[in-house]
Amino acid sequence: MVFLNGKLLPIEDAKIPVLDRGFIFGDGVYELVPVYSRLAFRLDEHLARLERSLAETRIRNPYSRAQWRDAIYRLVDAQPFEDQGVYFQVTRGVAKRDHAFPKDAEPTVFMMSNPLVTPAKELVEKGAVAVSAQDNRWLRCDIKSISLLGNCLLRQASAEAGATETILFREGKLTEASASNVFVVKDGVILSPAKSHLILPGITYDVVVELARANGLPLELREVAEAEVRSADEIWVTSSSREVLAIVTLDARRVGEGRPGPVFARMYRLYQEFKQKVMRAGKRDAVTA
Ligand SMILES: Cc1ncc(COP(=O)(O)O)c(C=O)c1O
């Protein structure tokens with residue numbers, strides 16, 4: 001079952017008019033929330049980011065926070081599997097094609113939930129391969145826009161190289177990856193770019209930052225030079241579906257020892273323990289680190 005404009009229905013019956021501005025202009029925003037044992041992980045943070053994306057794009061938010069939560073859990077409860085990835089998007093709605101905003105279009109809300117696919121144990125233990133590219137996306141990467149052509153082109157470069165991710169540099173500085181945030185470790189210090197309009201404020205990024213701080217791991221959020229990434233002891237990518245994943249090869253060169261490092265191992269464990277804590281609490285409300 002999927003959710004379209006307030007109704008649950010089979011995906012075959014979910015139809016969008018061709019003049020939807022999501023289809024015509026990519027004029028919409030989205031979220032993807034991981035659900036473990038039917039509990040949405042960091043749902044309030046995902047909803048806060050959705051509210052911000054809607055405000056920044058001036059798309060009317062059709063639902064209150066409580067209505068979003070209800071709709072998401074209705075969809076979660078309608079699936080036959082426990083661990084899910086709930087994708088939801090809001091577009092500016094259906095209107096005659098014109099770049100300027102329509103006056104009275106209703107936002108379109110679509111949600112679907114698929115089985116959550118997290119990295120296989122073998123990939124977590126061995127680490128993943130990445131390539132790099134120049135970050136040629138627009139300058140509002142802080143908005144979780146459905147206009148993902150730049151990200152798709154960049155991700156395709158790694159797909160064609162048989163790699164898991166494309167790590168991005170803009171003017172000699174690390175930004176993020178095509179569908180994840182990036183952390184590096186140098187001499188025991190965890191580094192990642194501070195939030196700005198050049199990166200998506202990742203929910204997993206926030207969890208990693210909170211876990212590092214709560215456990216006394218040295219962490220600096222600041223500009224990270226391309227040279228620092230290329231000489232890093234460890235590189236990780238983070239996202240709701242990849243969780244925390246070590247990159248052991250970048251552009252065909254070994255990262256550190258060429259296997260997931262000790263700081264990664266610590267953070268991976270902390271992340272899994274935090275997930276367990278959330279699941280044990282068993283509440284559909286927020287749980288903090
Ligand atoms: C470009 C980009 N950066 C970062 C992320 C990670 O965000 P989150 O941890 O909220 O999934 C994503 C997730 O899809 C992304 O597409």
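Both ligands and their constituent atoms are indexed starting at 1 by order of listing.
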closest protein heavy atom to atom 14 (O) of ligand 1 is K144 NZ, 3.2 Å
Could you tell me the residue and atom name of the protein heavy atom closest to atom 15 (C) of ligand 1, and the distance to it rounded to 0.1 Å? A179 C, 3.4 Å
Hey, which atoms in ligand 1 end up nearer than 4.0 Å to a heavy atom of [X]?
X: G202; value: 7 (O), 8 (P), 9 (O), 10 (O)
X: S240; value: 8 (P), 9 (O), 10 (O), 11 (O)
X: A177; value: 1 (C)
X: E176; value: 1 (C), 2 (C), 3 (N), 4 (C)

Donor-acceptor side-chain pairing of [X] and [Y] below 3.5 angstrom:
X: Q84; Y: S113; result: yes
X: Y271; Y: E273; result: no
X: E165; Y: S178; result: yes

Heavy atoms only: which of V182, V33, T204, L200 is nearest to atom 9 (O) of ligand 1? T204
Going by heavy-atom distance to atom 4 (C) of ligand 1, choose the closest among V244, L32, T238, N181. N181
According to the interplanar angle, ranging from 0 to 90°, do the rings of Y36 and F41 count as parallel (below 30°), tilted (30 to 60°) or perpendicular (above 60°)? perpendicular
Ring geometry between Y205 and F183 (parallel below 30°, tilted from 30 to 60°, perpendicular above 60°): tilted
Contact between [X] and ligand 1, counting heavy atoms under 4.0 Å?
X: N151; result: yes
X: C141; result: no
X: S178; result: yes

Ligand 1 contact on S180 by region, counting heavy-atom pairs under 4.0 Å: backbone
For ligand 1, which part of S241 has a heavy atom less than 4.0 Å away: the side chain, the backbone, both, or neither? neither
Cationic tip of R92 above F101 ring, under 6.0 Å, 45° of axis: yes
Only residue of V182, T175, V184 satisfying side chain to side chain contact (heavy atoms under 4.5 Å, CB included) with V224 is V184
Within a 6.0 Å radius of atom NZ on K7, are there more than 12 heavy atoms belonging to other residues, nucleotides or ligands? no
Would you say the ring centroid of W68 lies under 6.0 angstrom from that of F88? yes
